[in-house]
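Owing to the predicted nature of the structure, the values given are computational and were not obtained by experimental measurement. Just so you know, these numbers use all the heavy atoms, side chains as well, and skip hydrogens, waters and symmetry mates.
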Amino acid sequence: MQGLNKDNVEALIKAGFERHQNEELEDAENLYKEALKLDYNNAEAYNLMGVLKLQKSEPELAVDYILKAISIEPADYFYETLFQAYIRCGDYQGIISNEEVVKNLFPKNFELLFDLALAFKTEHRNKEALKYYEKALHINPMSYEGWSNVANIYSMDGRTSDAISAMEICYNLRPNDDDTAFFLSKDYFKAKQYEKGFPLFERRSSKKIAFISQNKTLPNKVREDNFWKGENIKNKNILVYYEAGYGDAIMYARYLPLLKKKCKKLIYMCHRELEPLYKINKHLGIDELIYSFIHDKELDVDVHASLLSLPYLLGLKGDDIFAYREGYIVPDMDMAEEYRQKYFDTEKIKIGIKWRGNTTFDKDRVIPVELFNQLTHVENTQFYSFQTFEGAEDIKKLDNVVDVGKDLIDFSQTAAALRNLDLVICNDTSLAHLAGAMKIPCWIMLPYDTDWRWGTDMNNCSWYESVKLFRQQSIGNWQSVFDRILEEMQP
């Protein structure tokens, strides 16, 4: 009878597995359950149930089944399934709790070592993550994902040369992958190796998206065959169009005067919100400014380029890359005077603040607004909120702060209001770029994992003469940043 039960169990599991492979999940589940009724100690059936539950997007149930399998037989591939279930649950501590099991029973299992490293990385325990990535890569030195994660940790920890070495391995493994080229370019930029980074940066997806967008708008003018490649355009008209966000557009606007010296006519397609500011700043060299649809027959264009490609196409090297770091944006002075009378008619030190930008892409740059209260009580200061739209409602959590942001619709207004400040203190956002471009003292509060443009220097900013950087000392530790700022504010 026992032999018959065993045969029946194996038959049920085999039939269930066949249904499983054919994506007949309900039938497979029923067969696995029948097998477990006959043999409730069958580890393989429990593991297959776990795999099935993962496929059905029920990771919590998957964990329960796989743990039963492991309690009967601690096989390595059971742990592999368990770790995948924990990842799907977002329970990285569950993986970390099995560290000793991996070390003692499966020290040469690449998948388990990799997932353990990933769990430590996700929990911001970078030292332990690197240890296990290195063990995993010793087993499989050709793992792209392993080297990519190692590069990310090195970059986050400010070990830029190590990050470059790791990403160069990734690039050698996948030379045709545009995302790999892009990430390597950012590491080169962080190390100020721009000449190495520029060609790779041209493979970024945002450039392709910007081209597709302009090609749909102006199909007869913006084509693949008239990309500007840096050739002589002294007698030609060029269309430059933005890509990415406001901060990038402000930062790269420094190159427009340099481009104007090389072309006959400079046409710029800009964000609608920046158009009034560019109109004021005629010295940027823009001959024609557009921000909405225009029929391509009305536009005289010979070549075109994305704004973010300009330093590469202009052939800039060394310090020339940081052109006009002393400032290149001016406000409407009449409007600035109106804002002075409305908000800034005080002898106190006037400080503008902002705590969040676009949270769609990077929530690490969002600063808990309550932390600013420790600054607002510094003697002889008056603080002003420049927060607009998302996050503006958080001003109610602040003491002694005047809300200027509610009056700001476009960047010409923001620039006019900024003109009245003695200092800006903000997160990594477009306001910081505008302040820097206007040569207004600005202290930027940066997360531990900083964007490439801020380099590795702890304080100084290459892009803007008036900007000072304040970096987190550990992941998520904004208080350390405020402690340093408070020290700077003391007389």
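A donor atom on one side chain and an acceptor atom on the other are not found under 3.5 Å apart for His20 and Glu29. Under 3.5 Å, the side chains of Glu168 and Asn172 contain no donor-acceptor pair of N or O atoms. Inspection of the Tyr312 and Glu202 side chains reveals no N or O donor paired with an N or O acceptor under 3.5 Å. Checked by atom type, the side-chain pair Gln387/Asp394 shows no donor-acceptor distance below 3.5 Å. Checked by atom type, the side-chain pair Lys121/Asn152 shows a donor-acceptor distance below 3.5 Å.
Geometric assessment of Arg356 against the ring of Phe389 yields a negative cation-pi assignment under the 6.0 Å and 45° thresholds. Phe189 does not carry Arg453 over the face of its six-membered ring by the limits of under 6.0 Å from the centre and within 45° of the normal.
With a 4.5 Å cut-off on side-chain heavy atoms, Tyr154 and Leu130 count as touching. A heavy-atom distance below 4.5 Å is found between the side chains of Arg204 and Phe182. Side chains of Ile13 and Asn42 form a contact here, defined as non-hydrogen atoms less than 4.5 Å apart. Looking only at side-chain heavy atoms (C-beta outward), Asn477 and Ser480 come within less than 4.5 Å of each other. Side-chain contact between Leu274 and Tyr291 is absent, with no heavy-atom pair separated by less than 4.5 Å. Looking at Lys131 and Lys127, their side chains never come closer than 4.5 Å, going by heavy atoms from C-beta outward. Between Arg365 and Asp451, the closest side-chain pair of non-hydrogen atoms is not below 4.5 Å. Counting only heavy atoms from C-beta outward, the side chains of Lys265 and Ile238 never approach each other to under 4.5 Å.
Of the charged side-chain nitrogens involved, none lies within less than 4.0 Å of a carboxylate oxygen, so that Lys262 and Glu231 do not count as a salt-bridged pair. Glu275 and Arg272 are not joined by a salt bridge, as no carboxylate oxygen comes within less than 4.0 angstrom of a charged side-chain nitrogen. A salt bridge between Asp300 and Lys221 is absent, with no side-chain N of the basic residue lying under 4.0 Å from a carboxylate O of the acidic one. A salt bridge links Asp162 to Arg159: one of the charged nitrogens lies within less than 4.0 Å of a carboxylate oxygen. Taking the charged nitrogens against the carboxylate oxygens, Arg484 and Glu487 have no contact shorter than 4.0 Å, which rules out a salt bridge. Look at Arg203 and Asp178 and you find a salt bridge, because one of the NZ, NE, NH1 or NH2 atoms lies within 4.0 Å of a carboxylate O, short of that distance.
Ring centroid separation for the pair Tyr188 and Tyr194 does not come in under the 6.0 Å cut-off. A ring-centre distance under 6.0 Å is found for Phe482 and Phe372.
Minimum heavy-atom separation, Ala435 to Val424: CB-CG2, 4.1 Å. Residues Leu277 and Ala415 come closest through the heavy atom pair CD1-CB, 3.8 Å.
Sorted pairs that involve residues 184-193 and meet salt bridge (charged side-chain N to carboxylate O under 4.0 Å, His left out), not counting sequence neighbours, are lacking altogether. The ring-ring contact (aromatic ring centres under 6.0 Å, His included) contacts involving residues 64-93 comprise Tyr79-Phe106, where partners must be two or more places apart or lie in separate chains. Screening residues 115-143 for ring-ring contact (aromatic ring centres under 6.0 Å, His included), with sequence neighbours left out, gives Phe114-Tyr133, Phe120-Tyr132.
Rounding to the nearest 0.5 Å places CD1 of Ile290 at 9.0 Å from OG1 of Thr217.
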